[in-house]
Each structure stands twice: as C-alpha cells, then as structure tokens.
Amino acid sequence: MTSTPKNFLKILTIIHYALVAGPLLIGVIFYLNTELNTNGTVDDIFIYIFPLIALVGVFSGNFIFKKLLSNIKKSESLQHKLTGYQTASLVKFALLEGPAFLNIVWFSLTGNLLYLTIGMVLVLFLFMQRPTKIKVENDLELIGEHKRQFNKLDDPIP
C-alpha cells in the first residue's frame, strides 16, 4: 500500500479504535458477569493504588508523547515525522489502555464499581485521543512544504 497522508490517518484511526474496543468490550462483559460488591467496605489498599496507576498512565502518556514529538518535530522528512507521530501516539494509547484494563480486571475480581468506573473513564479519555488530520498538523506543528504535502491526502508521502 502506498504511503499517503490518507492511509496514515486511516491506519492510525483503525489502531486507535481497536485499542478502545478491547477494554470497552471486556468492561461490558465483566459488568454483565460480575456480582457487584455492595457491602461498602473501603479498607482495601488497592482503592488507593489503582486510581493512582490510572493517573500515572494519563500523565506519563502525555509526557512521553510530548517528549517524543519534540524529538521528531525537527526532522527534515514528513515521512519520518509521521512515523514518529504514530509511535508516540501508540505509546500514549498503550499507557491509557493498560491502566484501563488493570482497573477493569480488578473490578471483575472484587465487584467494586469504583474500578470499573475508573477503567471506563480511561477508555473515554482514550476515545477522545482519536487522531485527526487537524490534531496531527497541530501536534507536529506542520508548516510550509510539510503542511502542503500533508494536505494532499491522496499523494504519496515523499
């Protein structure tokens, strides 16, 4: 398949949706098959650890994403910039998906809806990170020739 901006966006969007669908489907399946814990005890140490893991995933994902982008913005090639953007995005997505799965699995073991809620909030946040043409242009700060090349969606990337 020829590498075009349109194909780049299509592939990254498909990967993104697949990463969103996994924890979402597992969360629904676990919700339907898990007996809810309604005794209200909060003496479990994990009630502090799992939300912290979620926050670490969000903040580290954004930090690493920005760090990786800062390294590729100076690149001379649009192809190199897009490849780097894809890598940075996948790292950010993984750092959201991992804690989401962890919270959802822990919900299935404990029946505590807090963990499912945290997992679904992470899935929602991951969904909002959907790659779009405008986001890619803004994140990479494309200007001049690179922006012109990227706007020609069906032309091969040089």
Side-chain angles (χ1 to χ4, degrees), residues 5-75 78-143 146-147 150:
K6 185 177 182 176
N7 287 343
F8 166 79
L9 288 170
K10 182 197 268 183
I11 290 168
L12 192 56
T13 301
I14 290 170
I15 292 170
H16 172 261
Y17 283 145
L19 292 174
V20 169
L24 182 63
L25 291 174
I26 295 296
V28 169
I29 290 168
F30 283 167
Y31 178 75
L32 295 173
N33 293 310
T34 300
E35 185 177 327
L36 299 181
N37 180 1
T38 57
N39 64 9
T41 59
V42 290
D43 56 351
D44 184 12
I45 186 73
F46 294 110
I47 206 141
Y48 303 106
I49 293 174
F50 282 86
L52 183 64
I53 291 171
L55 287 174
V56 168
V58 170
F59 290 115
S60 64
N62 284 330
F63 176 77
I64 293 170
F65 178 75
K66 289 177 182 176
K67 183 75 172 162
L68 290 172
L69 283 186
S70 70
N71 293 336
I72 62 170
K73 285 180 185 175
K74 302 170 189 102
S75 175
L78 178 61
Q79 181 69 43
H80 185 263
K81 284 183 178 184
L82 294 178
T83 302
Y85 185 85
Q86 186 174 31
T87 301
S89 295
L90 293 177
V91 168
K92 180 168 76 170
F93 298 161
L95 287 171
L96 289 171
E97 185 190 37
F101 265 126
L102 187 63
N103 276 279
I104 292 166
V105 168
W106 196 249
F107 158 75
S108 76
L109 297 173
T110 64
N112 189 336
L113 276 173
L114 172 67
Y115 302 117
L116 181 63
T117 303
I118 292 168
M120 288 298 119
V121 167
L122 287 171
V123 170
L124 178 63
F125 187 67
L126 175 59
F127 177 76
M128 293 179 355
Q129 303 301 310
R130 184 177 68 87
T132 64
K133 181 178 172 290
I134 293 170
K135 278 185 186 177
V136 173
E137 284 180 359
N138 291 338
D139 289 343
L140 289 175
E141 299 173 2
L142 295 179
I143 57 172
H146 286 167
K147 187 170 184 172
F150 189 70

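Because only heavy atoms are used, hydrogens play no part in the values below, and waters and symmetry mates are left out as well, while side chains stay in.
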Can you check whether [X] reaches [Y] side chain to side chain, under 4.5 Å on heavy atoms?
X: His146; Y: Leu140; value: no
X: Tyr48; Y: Leu52; value: no
X: Leu24; Y: Met120; value: yes
X: Leu82; Y: Gln86; value: no
X: Leu109; Y: Trp106; value: yes

Inset, instruction - Might you work through the side chain to side chain contact (heavy atoms under 4.5 Å, CB included) test for Asn62 and Lys92, ending with a clear yes or no? - result: CA-CA 6 Å; Asn62 284 330; Lys92 180 168 76 170; 3.5 Å; yes
Inset, instruction - Sequence neighbours left out, what pairs pass side-chain hydrogen bond (donor to acceptor under 3.5 Å, both in side chains) with at least one residue falling in residues 134-143? - result: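 Sorted result for residues 134-143: Lys73-Glu141, Tyr85-Asp139, Lys133-Glu137.
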Inset, instruction - Determine yes or no for a side-chain-to-main-chain donor-acceptor pair under 3.5 angstrom, with Ser70 supplying the side chain and Lys67 the backbone. - result: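 Flag set: sc Ser70 to bb Lys67 pair under 3.5 Å.
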Legend entry - Donor-acceptor contact present, side-chain Tyr115 to main-chain Leu102, <3.5 Å: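 No: the side chain of Tyr115 does not pair with the backbone of Leu102.
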Nearest-0.5 Å distance that lies between atom [atom1] in [X] and atom [atom2] in [Y]:
X: Leu95; Y: Leu90; atom1: CG; atom2: CG; value: 11.0 Å
X: Ile45; Y: Ile49; atom1: CD1; atom2: CD1; value: 5.0 Å
X: Leu126; Y: Tyr17; atom1: CG; atom2: OH; value: 11.0 Å
X: Leu9; Y: Ile14; atom1: CG; atom2: CD1; value: 11.0 Å
X: Leu114; Y: Ile118; atom1: CG; atom2: CD1; value: 4.0 Å
X: Ser108; Y: Ile26; atom1: OG; atom2: CD1; value: 9.5 Å

Atom of [X], atom of [Y] and distance for their closest heavy-atom approach:
X: Leu142; Y: Lys147; value: O-CD, 3.6 Å
X: Gln129; Y: Leu96; value: CG-CD1, 4.0 Å
X: Thr13; Y: Pro131; value: OG1-O, 3.7 Å
X: Ala54; Y: Pro99; value: CA-CB, 3.9 Å
X: Phe107; Y: Asn112; value: CD1-O, 3.1 Å

Legend entry - More than 12 heavy atoms from other groups under 6.0 Å of CG on Leu32: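 It does: Leu32 CG has more than 12 such atoms within range.
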Inset, instruction - Answer yes or no: does atom CG of Leu25 have more than 12 heavy-atom neighbours from other residues, nucleotides or ligands under 6.0 Å? - result: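 Counting other residues, nucleotides and ligands, CG of Leu25 exceeds 12 neighbours.
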Legend entry - Val20 vs Phe93, side chain to side chain contact (heavy atoms under 4.5 Å, CB included): CA-CA, chis, key distance, verdict: CA-CA 9 Å; Val20 169; Phe93 298 161; over 6 Å; no
Inset, instruction - Kindly write out the residues that satisfy side chain to side chain contact (heavy atoms under 4.5 Å, CB included) with Pro23, not counting sequence neighbours, or none if the list is empty. - result: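 By the side chain to side chain contact (heavy atoms under 4.5 Å, CB included) rule, Pro23 matches Glu97, Ala100, Phe101, Ile104, Val123.
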Legend entry - By salt bridge (charged side-chain N to carboxylate O under 4.0 Å, His left out) - contacts of Lys66 (at least two apart):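 For Lys66, no residue satisfies salt bridge (charged side-chain N to carboxylate O under 4.0 Å, His left out) once neighbours in sequence are set aside.
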Inset, instruction - Could you go through the side chain to side chain contact (heavy atoms under 4.5 Å, CB included) check for Val136 and Phe8 one step at a time? - result: CA-CA 10 Å; Val136 173; Phe8 166 79; 4.2 Å; yes
